[in-house]
Amino acid sequence: MHRVFTVTLHGSGRRFDVAAGQTVLEAAQRAGIALPYSCRAGVCGSCKAILRQGRCAYPRNPPVALDADERAHHAILLCQAVPCGDLLIEAREVPSVEDVARRRLEVTVAAKWPLAPDVIGLRLQPAPGETRLLWLPGQYLDVLLPDGRRRPFSIANEARPDGAIELHVRHVAGGGFTGWVAGGLRVGDTLRIEGPLGTFVPREDSERPMLFMAGGTGFAPVKAIVEHFLGLGTRRSIEVYWGARSAADLYLRPLAEQWARQSPQLRFHPVLSDPEAAAAAGLRAGLVHEAVLADWPDLSGHDVYMSGPPAMIDAARHRFLAAGLPEERLYYDSFDYAPDVLTQILAGRAGIRGRIESGEW
Ligand SMILES: Cc1cc2nc3c(=O)[nH]c(=O)nc-3n(C[C@H](O)[C@H](O)[C@H](O)COP(=O)(O)OP(=O)(O)OC[C@H]3O[C@@H](n4cnc5c(N)ncnc54)[C@H](O)[C@@H]3O)c2cc1C
Ligand code: FES
């Protein structure tokens, strides 16, 4: 008989059981309680919570997303923390995603097209006999590979009656799956997927101005959420920052410019990190999160949504909080590699393996 511990959520008072060896996040998901997460590997920090009572271990990946100060203030990572007894934790619940069931289905590649030099657009349709997937704007899915590994991709559109799912897939150098998408994948091929996943979703219980920041293909979930708010006819002001290396990498710039033309409360800010490319295109140069901070040195009045490369997310997370943004109003998906790859990379780092096995973290 496996030992079972109980986790209580401070605030809502909801409780759920955790079987031996399970992480808090896995147990919450099994109990139908939505807590925030993104990478599921301990590196992005979106599942950060505060441990008020009890003790956890990290037998899988070390909690690299927590700095020493956060650990000293009893922060834990729900995707990696395994309880050593009953716990009382303070975590942000995301009840809106609890109503959407996660499931597996087969999809057919209905269209494949180049979006940018290293980005492919895919349109997936439920395979014959499958019912359409439902999701909230901003959520992602896992492509299930034949050997059991998974590869996460954000869904770039809202759920539609025809079941179409749009993905923006960047070809990662040395990447197995994205290399195959760029090369061998053909229209008519089938894929197995599981979704919806993630908690990067619209928060509609707010009247605050919204600021969106995307890096590269981080534009995919931002597109879905912005289109959702525009479809609702929101009157809240919307700033959309999109950072990329070159003008060609802002692969849907005409769409974002069209949002700005049609919606007086929305402003679009393209930013290029390559100064020569920026000068040639007549666009703003620099890092996109620096552009946000130059325009909004005080973020205390905003709700901020961001997605894209881990380096951008990590830098922006710290800087935006320092600019007065309350942590509970910063929503993000960090486009990390899949959990199996991150686990291998982390385990390969000198000195880490022994600490993982001892559960020292
Ligand atoms: C929530 C979420 C949403 C995402 N959404 C999107 C999206 O919408 N669009 C998008 O383009 N991307 C997205 N990503 C990122 C995307 O999932 C990854 O780029 C993808 O999983 C890469 O898969 P791959 O099989 O091509 O590469 P992998 O084979 O997983 O390899 C990735 C990299 O790691 C290296 N590597 C592999 N194994 C090891 C090892 N053992 N040691 C050291 N290095 C190794 C490879 O050489 C390569 O450079 C998202 C990620 C997350 C977490
Ligand atoms: S650190 Fe837990 S989801 Fe990323």
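Both ligands and their constituent atoms are indexed starting at 1 by order of listing. Note that the numbering runs from 1 along the sequence shown for the chain.
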Subject >> Ligand-side contact atoms (ligand 1) for residue partner T178, heavy atom cut-off under 4.0 Å >> reply: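 Under 4.0 Å from T178, ligand 1 has these atoms: 24 (P), 26 (O).
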Original post:
Taking only heavy atoms of Y140, which atoms of ligand 1 are found under 4.0 Å from at least one of them?
Top reply: 1 (C)
With clusters defined by side-chain heavy atoms of hydrophobic residues (ILVMFWY) lying less than 4.5 Å apart, directly or transitively, does [Y] cluster with [X]?
| X | Y | value |
| --- | --- | --- |
| L124 | W113 | no |
| Y140 | L122 | no |
| I155 | I120 | yes |
| I313 | F200 | no |

Original post:
What's the verdict on side chain to side chain donor-acceptor pair (under 3.5 Å) for H228 and E204, showing C-alpha distance, side-chain angles and the deciding distance?
Top reply: CA-CA 10 Å; H228 171 76; E204 289 166 29; 2.6 Å; yes
Find all atoms of ligand 2 within a distance of less than 4.0 Å from any non-hydrogen atom belonging to [X], and give their numbers and elements.
| X | value |
| --- | --- |
| C39 | 1 (S), 3 (S), 4 (Fe) |
| G42 | 1 (S) |
| R40 | 3 (S), 4 (Fe) |

**OP:** Taking the side chain as every heavy atom from C-beta outward, state whether V201 and R203 have any atom pair closer than 4.5 Å.
**Re:** yes
For [X] and ligand 1, does the shortest N/O to N/O distance drop below 3.5 Å?
| X | result |
| --- | --- |
| T217 | yes |
| R170 | yes |
| G176 | yes |
| F177 | yes |

Whether [Y] and [X] form a salt bridge (side-chain N of Lys/Arg under 4.0 Å from carboxylate O of Asp/Glu) is what I want to check.
| X | Y | answer |
| --- | --- | --- |
| R235 | E207 | no |
| E90 | R52 | yes |
| R40 | D142 | yes |
| E26 | R30 | no |

Original post:
Any luck finding a side-chain donor-acceptor pair between T343 and D340 under 3.5 Å?
Top reply: no
**OP:** Would you please say whether a donor-acceptor pair under 3.5 Å links the side chains of R151 and T178?
**Re:** no
**OP:** State whether any protein heavy atom lies less than 4.0 Å from atom 37 (C) of ligand 1.
**Re:**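 Given the 4.0 Å limit, the answer for atom 37 (C) of ligand 1 is yes, a protein heavy atom qualifies.
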What protein heavy atom sits nearest [atom], and how far away is it?
| atom | answer |
| --- | --- |
| atom 21 (O) of ligand 1 | R151 CD, 3.2 Å |
| atom 1 (S) of ligand 2 | G45 N, 3.2 Å |
| atom 19 (O) of ligand 1 | V172 CG2, 3.3 Å |
| atom 15 (C) of ligand 1 | D336 O, 3.7 Å |
| atom 41 (N) of ligand 1 | Q344 OE1, 2.8 Å |
| atom 17 (O) of ligand 1 | P152 O, 2.6 Å |
| atom 8 (O) of ligand 1 | S154 N, 3.1 Å |
| atom 39 (C) of ligand 1 | V341 CG1, 4.0 Å |
| atom 7 (C) of ligand 1 | F335 CE2, 3.3 Å |

**OP:** Establish, yes or no, whether a centroid distance under 6.0 Å links the rings of F320 and Y332.
**Re:**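 No, ring centres 6.0 Å or more apart.
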Original post:
Does ligand 2 have a heavy atom under 4.0 Å from the side chain of K48, from its backbone, from both, or from neither?
Top reply: neither
**OP:** Could you see which bit of V43 sits under 4.0 Å from ligand 2, with heavy atoms only: side chain, backbone, both or neither?
**Re:** backbone
Original post:
With a cut-off of 2.8 Å, does any N, O or S atom of C47 fall short of it relative to atom 4 (Fe) of ligand 2?
Top reply: no
Original post:
Are any N, O or S atoms from C44 nearer to atom 4 (Fe) of ligand 2 than 2.8 Å?
Top reply: yes
**OP:** In sequence, state the C-alpha distance, the side-chain angles, and the governing distance for D295 and R284, and then conclude on salt bridge (charged side-chain N to carboxylate O under 4.0 Å, His left out).
**Re:** CA-CA 12 Å; D295 294 350; R284 189 164 176 177; 2.8 Å; yes
Subject >> R71 side chain vs L66 backbone, donor-acceptor pair below 3.5 Å >> reply: yes
Original post:
To which of G175, G174, A173 does the heavy atom nearest atom 49 (O) of ligand 1 belong?
Top reply: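 Result: the heavy atom closest to atom 49 (O) of ligand 1 is in A173.
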**OP:** From the options V43, I345, V169, select the one whose nearest heavy atom is closest to atom 43 (C) of ligand 1.
**Re:**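 Minimum heavy-atom distance to atom 43 (C) of ligand 1 goes to I345.
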Original post:
Is it the side chain, the backbone, both or neither of H168 that has a heavy atom closer than 4.0 Å to ligand 1?
Top reply: backbone
**OP:** Report the part of S334 (side chain from C-beta onward, or backbone N, CA, C, O) that has a heavy atom under 4.0 Å from ligand 1; answer both or neither where that applies.
**Re:**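 For S334, only backbone atoms sit under 4.0 Å from ligand 1.
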Original post:
Is the cationic atom of R236 (NZ for Lys, CZ for Arg) positioned less than 6.0 Å from the six-membered ring centroid of F229 and within 45 degrees of its normal?
Top reply: yes
